[in-house]
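Below, all heavy atoms of this structure are taken into account, side chains as well, without hydrogens, waters or symmetry copies. Chain identifiers are assigned alphabetically (A, B, ...) following the order of the sequence lines, protein sequences preceding nucleic acid strands; residue numbering begins at 1 within each chain.
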Amino acid sequence: MPRSFFSRDPRRVARELVGKLLIRQQGRKVLAGRIVEVEAYLGASDPAAHAASGITERNRVLFGPPGHAYVYFIYGNHFCLNVSCQPEDKAGCVLIRALEPLAGLAEMARARGLPATDGKVACEKLTSGPSRLSRAMGVTRARDNGKDMTTPRSGLWLADDGFRPRRIGRTPRIGIQKAAAEKLRYLIAGNEFVSG
DNA sequence: ATATCGATTATCT
DNA sequence: GATAATCGATATG
């Protein structure tokens, strides 16, 4: 996806990111999944956003150019992956919450510590949830924070394979305290890999 | 099927 | 010193 795609209102980016691909490549190994659930965070004006209280060491990627990975650590265990969007001063982003795994399922299961059986693994548990998908894709803050997600050269990027979701649903965001009523969670309606 | 709870630590106040 | 954009385990109907 080109930089211009991310240089827009996070709500717009979020809605259009649903159905796109998240791809990780390291050496010969390729992991890929279709994005089936995201949330928009609106930046300085959004009380629920990490950018709300201004720039810090943790969130500084949000105040940089659009299309870059913002990875944060939470609850003592978990990493979550966002992509920065909008012009820098707005500091918006989109949280990637769930994938439909497409390539590298065995590798993902291994990364998740799930029984890497042949054929059908516990698929729905693999990449449904922001920390689960980060774990499955090997995303960490140390490795990936700040990466440019508009180019394969970063090894972690977003792509359009032409797929268009039949219907996109919208609900309130999950797990937040402030601005909890805003419907800023976007998902493929009826998709079995959506979390929650 | 839904509800509740503990884990565990970087980050911010 | 308190908190957190979660997960997995356990308990209960």
Side-chain angles (χ1 to χ4, degrees), chain A residues 6 9-15 17-18 22 33 35-64 66 68-86 90-101 108-117 121-147 149 156 158 169-188 190 192-196:
Chain A
F6 301 99
D9 186 297
R11 286 165 287 211
R12 188 89 175 276
V13 177
R15 173 169 252 282
L17 213 45
V18 173
L22 173 65
I35 296 170
V36 300
E37 177 188 347
V38 300
E39 284 175 1
Y41 286 86
L42 308 185
S45 65
D46 179 3
H50 287 175
S53 44
I55 188 169
T56 67
E57 175 55 29
R58 175 174 67 159
N59 68 18
R60 68 185 153 76
V61 171
L62 298 176
F63 294 84
H68 288 255
Y70 168 50
V71 181
Y72 66 89
F73 183 76
I74 195 164
Y75 295 122
N77 294 312
H78 305 298
F79 291 104
C80 297
L81 173 65
N82 302 249
V83 57
S84 64
C85 47
Q86 226 173 18
K90 300 283 185 61
C93 66
V94 173
L95 170 66
I96 302 176
R97 288 194 55 91
L99 303 175
E100 175 172 345
M108 290 183 191
R110 199 167 65 85
R112 289 270 290 108
L114 297 175
T117 58
V121 283
C123 238
E124 72 280 357
K125 296 263 183 185
L126 214 49
T127 52
S128 294
S131 174
R132 287 174 180 167
L133 76 87
S134 296
R135 179 70 65 130
M137 301 285 279
V139 171
T140 67
R141 180 168 169 91
R143 289 175 62 189
D144 300 307
N145 191 51
K147 276 188 177 165
M149 300 188 77
L156 183 69
L158 296 159
R170 211 159 60 98
T171 79
R173 294 174 291 189
I174 304 290
I176 58 168
Q177 311 292 317
K178 302 162 195 164
E182 306 267 357
K183 290 173 134 183
L184 295 175
R185 174 178 178 239
Y186 301 81
L187 48 87
I188 298 184
E192 65 170 307
F193 297 95
V194 169
S195 75

How long is the line joining OH of A:Tyr75 and C1' of C:dA5, in whole Å? 7 Å
Write down the distance between NZ (A:Lys125) and C1' (C:dC7), rounded to a whole number of angstrom. 9 Å
Figure out the CZ/C1' separation between A:Arg132 and C:dC7, and round it to whole Å. 6 Å
Looking across every strand, which nucleic acid part, if any, lies under 4.0 Å from A:Arg112 by heavy atom: base, sugar-phosphate, or nothing? sugar-phosphate
Whom does C:dT12 pair with, Watson-Crick or G-U wobble, provided both distances fall under 3.5 Å? B:dA1
For A:Arg185, is there an ion pair with A:Glu37 - N to carboxylate O distance below 4.0 angstrom? yes
Round to the nearest Å and state the distance from A:Leu126 atom CG to C:dC7 atom C1'. 14 Å
So, does A:Arg97 use its side chain to make a donor-acceptor pair with the main chain of A:Arg173 at under 3.5 Å? no
At less than 3.5 Å, do the side-chain atoms of A:Tyr72 and the base atoms of C:dA4 form a donor-acceptor pair? no
C:dT6 phosphate, OP1 or OP2: any side-chain N/O from A:Arg97 under 4.0 angstrom? yes
Salt-bridge present (A:Asp9, A:Arg12; N to O < 4.0 Å): no
Side-chain heavy-atom pair A:Ile96, A:Leu133 within 4.5 angstrom cut-off: yes
Pick out the pairs of N or O atoms, protein on one side and nucleotides 10-13 of chain B on the other, that lie under 3.5 Å.
| unit_1 | atom_1 | unit_2 | atom_2 | d |
| --- | --- | --- | --- | --- |
| B:dT11 | OP1 | A:Arg141 | NE | 3.1 |
| B:dC12 | OP1 | A:Thr56 | OG1 | 2.1 |
| B:dC12 | OP1 | A:Arg58 | N | 3.4 |

Round to the nearest Å and state the distance from A:Asn145 atom CG to C:dA5 atom P. 16 Å
Side-chain contact test, heavy atoms from C-beta onward, threshold under 4.5 Å: evaluate it for A:Thr140 versus A:Val71 and give yes or no. no
Need the pair for B:dT8. Rule: Watson-Crick or G-U wobble, both distances under 3.5 Å, any strand; none if unpaired. none
Validation row: A:Met149, A:Leu22 side chains within 4.5 angstrom (heavy atoms): yes
Please determine whether any donor N or O and acceptor N or O are separated by less than 3.5 Å between the side chain of A:His78 and the base of C:dA4. no
Write down the distance between CD1 (A:Ile174) and C1' (C:dC7), rounded to a whole number of angstrom. 14 Å
Do A:Ser84 and A:Tyr70 touch side chain to side chain, with heavy atoms closer than 4.5 Å? no
Measure the distance from CZ on A:Phe79 to C1' on C:dA4 and round it to the nearest whole Å. 14 Å
Would you say A:Arg135 reaches C:dC7's phosphate, i.e. side-chain N/O to OP1/OP2 under 4.0 Å? no
Separation of A:Asn77 atom CG from C:dA9 atom P, in whole Å? 12 Å
